[in-house]
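The sequence lines fix the lettering, A, B, ..., with proteins before strands; numbering per chain opens at 1. Computed from heavy atoms alone, side chains included, the values below leave out hydrogens, waters and symmetry copies.
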Amino acid sequence: MSEVRVRFAPSPTGDPHVGNIRTALFNYLYARHTGGKFIVRIEDTDQVRLKEGSDQAIFDSLRWLGMNWDEGPDCGGPHAPYRQSERLELYKKHALELVEKGMAYYCFCSAERLDQMRQIQEAAKKAPMYDRKCLNLTKEEIKAKIDAGEPYVIRLKVPREGTTEFEDIIRGKVSFENSVVDDQVLLKSDGFPTYHLACVVDDHYMGITNVIRAEEWISSTPKHIMLYEAFGWTPPRFAHCPMVLAPDRSKLSKRHGATGVKQFRDLGYLPEALVNFLAFLGWAPQDEREIFSLDELCEAFELERVNKAGAIFDMNKLDWYNGYYIRHIATEDLANRTLPFLEKAGIVPNDHDYLVKCVALVQERMKNLAEAPELLDFFFKQPEYEPSLLIPKKSDVETSKKALAKCKEVLAGLDAWEHDAMEEALRKAAEELGIKSGQILWPLRAALTGKPASPGAFEVTLVLGKKEALARLDIALERLSR
RNA sequence: GCCCUCAUCGUCUAGUGGCCUAGGACAUUGCCCUUUCACGGCAAAGGCACGGGUUCAAAUCCCGUUGAGGGUACCA
């Protein structure tokens, strides 16, 4: 058995969609699991949909998620070029070869005529299909039209009889009546190939052994198989992955919110979380583990275990994964990753050790990196808050004043600036005042953080330092006295 | 319309004829921990789309129905 070779073949139309990236992931995992090669190929055969900078967005996204490739437009390889717009001659040559063999033909029909034809067919409740008007043009007629500069396309001559079937790795046997397959355009009038021609030619010459792609391609697979047969090539093995769906079960699209990989990065998702989540959309291991690193996925992934049914992209689960990874990476690492988000919010931590200490306190509360500023801002500036925040439920102004004054006294007199001593001293203080610990700890915490929810009072006090803590207590006391 | 594909808790899924009284995770609810919010722990609720077969035995096999998704372009 020869080496597995798979490819991710996106068209450069912008920030890659998470659904496409999930397909890329499955390709990548299959390649790494089998010790095969993972190839990136840019399918830029549609000049209309091209978007500037897409190649880079694709490379960035793959790299960000940790998927590296063995051959591609940027790094080359034995079957370069890996950008279809640079292989036009090859496609044209093969289209012509099929015309020569009588398996494809020139078509001079205008877009308008095709449109009209389809409308009539639809009105008659028939499947829209090319009517083969140009199938029987004579050599002379064809030559005359070409010489006259008439635009043309080349169409595959699909047999009207028989069936075409294939064994899908995920779905098993899939079969189509040839009579429902249209005479697909192979070469467009602008000289570019259609996807169908280009991917078959490239997959053949690039030695692709397994075509792993989304379910939406099932219906075009018979056309591809016919092409392999027409050229006399052995088709690769096919595996059609389930679709990634929106919560309403429709195709996940922009109207459902974030769909691009870069969007998720900007929203504060960790690549580890996105990878783990995406891998579990349509695949599950044999055991009940939920947490897998990319390497562990490579180890465990089996194409045969991929599900058939479409999977809804569940943000809740993604959030859980993200929170999980945030809690489990090193604090130092997390601090570095929050930096861009903090800076964007105008928080510029100049003391790295201090930042790490602060991050440690919010690590188990953070669901995504974008929350870092609102979780951490009070560590870097005096917080704004309503005085009422200083008064916990079942307490009152006077008690809070008393408590805060006592805090000042206790903290100022504390020699050992560490957790246990502070806790002991403050709890004792509450006892002396005859109030519950919550009646002293809530005001303290609120005075320091300005938030109803935050890390614990002792931890925050410790990190903020004696001087800052006392200053904030003064401000709190002042606010309560207004 | 036609063609293809699919169908287990709300969601992602385990399950390949008896280990299923259908397991796990997310979400939800309750309790515990607790100065708050989280985290963590414990518990609860919640599912084999429907109808026929086959079989001693079916979530698992077959047929049909329904529903959902995809395709039906000189887009990929």
Side-chain angles (χ1 to χ4, degrees), chain A residues 9-13 20 43-46 48-49 107 109-111 114-115 118 121-129 151-155 168 170-171 174-177 179-182 184-190 192-196 198-199 213-222 240 242-243 245 247 249-251 277 280-291 305 307-321 323-324 327 362-367 375 392-393 426-427 430 436-446 449 451-458:
Chain A
S11 52
T13 53
N20 283 125
E43 309 228 323
D44 53 349
T45 55
D46 184 357
V48 181
R49 301 203 316 160
C107 170
C109 293
S110 68
L114 261 19
D115 243 30
R118 251 175 240 127
Q121 287 167 333
E122 270 173 52
K125 302 220 168 198
K126 288 171 95 180
M129 269 220 214
Y152 65 89
V153 301
I154 291 177
R155 285 181 185 274
D168 190 284
I170 295 170
R171 287 151 209 283
V174 180
S175 107
F176 290 81
E177 296 282 332
S179 59
V180 304
V181 181
D182 200 4
Q184 181 63 49
V185 170
L186 301 177
L187 198 72
K188 304 189 253 188
S189 56
D190 64 359
F192 277 73
T194 57
Y195 168 83
H196 308 285
C199 89
R213 65 196 354 175
E215 190 186 345
E216 51 191 330
W217 294 107
I218 290 184
S219 336
S220 6
T221 305
H240 289 94
M243 306 273 295
L245 309 173
R249 293 221 153 261
S250 66
K251 212 169 171 176
F277 171 72
F280 272 65
L281 238 43
W283 174 84
Q286 277 169 327
D287 56 31
E288 290 183 335
R289 278 175 66 201
E290 302 277 337
I291 302 300
R305 288 183 64 82
N307 248 306
K308 297 180 217 195
I312 291 176
F313 191 94
D314 180 9
M315 278 296 223
N316 267 328
K317 187 99 180 229
L318 209 213
D319 283 339
W320 173 76
Y321 269 118
Y324 180 90
R327 269 173 262 131
V362 300
Q363 186 157 12
E364 64 190 25
R365 295 157 226 263
M366 203 186 295
K367 274 232 153 51
L375 250 23
K393 272 180 282 187
L426 285 168
R427 288 195 190 281
K436 289 191 185 145
S437 55
Q439 290 176 300
I440 189 169
L441 295 176
W442 174 285
L444 202 214
R445 196 183 56 74
T449 66
K451 293 179 197 300
S454 78
F458 310 121

Any N/O pairs under 3.5 Å between the protein and nucleotides 14-16 of chain B? List them or say none.
unit_1 : atom_1 : unit_2 : atom_2 : d
B:rA14 : OP2    : A:N307 : ND2    : 3.4
B:rG15 : OP1    : A:R305 : NH1    : 3.1
B:rG15 : OP1    : A:R305 : NH2    : 3.4

inquiry  = In the structure I gave you, are the side-chain heavy atoms of A:L444 and A:F458 within less than 4.5 Å of one another anywhere?
reply    = no
inquiry  = Can you measure A:K308 atom NZ to B:rC4 atom C1' for me and round it to whole angstrom units?
reply    = 14 Å
ask   = What is the ring orientation for A:W217 with A:Y195, classed by angle as parallel under 30°, tilted 30 to 60°, or perpendicular over 60°?
value = parallel
query = Does one side chain, of A:S220 or A:R213, offer a donor that lies under 3.5 Å from an acceptor on the other?
reply = no
message = For A:D115, give me all partners under salt bridge (charged side-chain N to carboxylate O under 4.0 Å, His left out), at least two apart in sequence or on another chain.
response = A:R118
key: All side chain to side chain contact (heavy atoms under 4.5 Å, CB included) counterparts of A:S179, not counting sequence neighbours   = A:E177
inquiry  = I need the CD1-P distance between A:I312 and B:rC9, as an integer number of Å.
reply    = 11 Å
For nucleotides 62-66 of chain B, tabulate all protein N/O to nucleotide N/O atom pairs closer than 3.5 Å, reporting atom names and distance.
none

request  = Could you list the residues that satisfy salt bridge (charged side-chain N to carboxylate O under 4.0 Å, His left out) with A:E216, not counting sequence neighbours?
outcome  = A:K251
task = Measure from the side-chain N and O atoms of A:T449 to the backbone N and O of A:K451, and report whether any donor-acceptor pair falls under 3.5 Å.
result = yes
ask   = How far apart are the closest heavy atoms of A:I218 and A:F176, and which atoms are they?
value = O-CZ, 3.7 Å
query = Over how many whole Å does the gap from A:K317 atom NZ to B:rG10 atom P extend?
reply = 15 Å
inquiry  = Can you measure A:R327 atom CZ to B:rG40 atom C1' for me and round it to whole angstrom units?
reply    = 10 Å
Base-pairing assignment for B:rU66 (Watson-Crick or G-U wobble, both under 3.5 Å) = B:rA7
Enumerate the protein-to-nucleotides 33-36 of chain B contacts in which both atoms are nitrogen or oxygen and the separation is below 3.5 Å.
unit_1 : atom_1 : unit_2 : atom_2 : d
B:rU35 : OP1    : A:R427 : NH1    : 3.2
B:rU35 : OP1    : A:R427 : NH2    : 3.0
B:rU35 : O2     : A:R445 : NE     : 3.3
B:rU35 : N3     : A:A457 : N      : 3.3
B:rU35 : O4     : A:A457 : N      : 3.1
B:rU36 : O2'    : A:P452 : O      : 2.9
B:rU36 : O2     : A:R445 : NH1    : 3.2
B:rU36 : O2     : A:S454 : N      : 2.9
B:rU36 : O2     : A:S454 : O      : 3.1
B:rU36 : N3     : A:S454 : O      : 2.7
B:rU36 : O4     : A:G456 : N      : 3.3

inquiry  = With a 3.5 Å limit on both atom pairs, tell me what B:rG40 is paired to, counting Watson-Crick and G-U wobble, or say none.
reply    = B:rC32
ask   = When the ring planes of A:W320 and A:Y324 are compared, do they come out parallel, tilted or perpendicular, using 30° and 60° as the limits?
value = tilted
task = Give A:V174 one of three labels, base, sugar-phosphate or nothing, depending on what nucleic acid heavy atoms sit under 4.0 Å from its own.
result = sugar-phosphate
note = Under a 3.5 Å limit on both distances, the Watson-Crick or wobble mate of B:rC2 is B:rG71
query = If you look at every heavy atom in A:V174 and A:D168, which pair is closest and at what distance?
reply = CG2-CB, 4.3 Å
message = Applying side chain to side chain contact (heavy atoms under 4.5 Å, CB included), can you list everything that pairs with A:K126, at least two apart in sequence or on another chain?
response = A:A124
ask   = For B:rC19, which nucleotide in any strand shown is its Watson-Crick or wobble partner with both distances under 3.5 Å?
value = none
note = Here the distance between atom C1' of B:rG24 and atom CZ of A:F280, to the nearest Å, is 11 Å
ask   = So what does A:S175 hit on the nucleic acid, given a heavy-atom distance under 4.0 Å: a base, only sugar-phosphate, or nothing?
value = sugar-phosphate
note = To the nearest angstrom, the CG-P distance between A:L375 and B:rC39 comes to 12 Å
Provide a list of protein-nucleic acid N or O atom pairs under 3.5 angstrom, restricted to nucleotides 41-47 of chain B.
none

key: A:K367: salt bridge (charged side-chain N to carboxylate O under 4.0 Å, His left out) partners, not counting sequence neighbours   = none
task = Applying side-chain hydrogen bond (donor to acceptor under 3.5 Å, both in side chains), name anything that partners A:N316, two or more places apart in sequence or on another chain.
result = none
remark   = Protein heavy-atom contacts under 4.0 Å, written 5' to 3' over nucleotides 67-76 of chain B as B (base), S (sugar-phosphate only) or - (none), form the string -SBBSSSBBB
Salt bridge (charged side-chain N to carboxylate O under 4.0 Å, His left out) partners of A:R305, counting only residues at least two apart = none
query = Between B:rC26 atom P and A:W320 atom CH2, what is the distance in whole Å?
reply = 5 Å
query = Rounded to whole angstrom units, what separation is found between the CG atom of A:D314 and the P atom of B:rU28?
reply = 11 Å
task = Applying side-chain contact (heavy atoms from CB on, under 4.5 Å), run through A:K436 and A:L441 and close with a yes or a no.
result = CA-CA 9 Å; A:K436 289 191 185 145; A:L441 295 176; over 6 Å; no
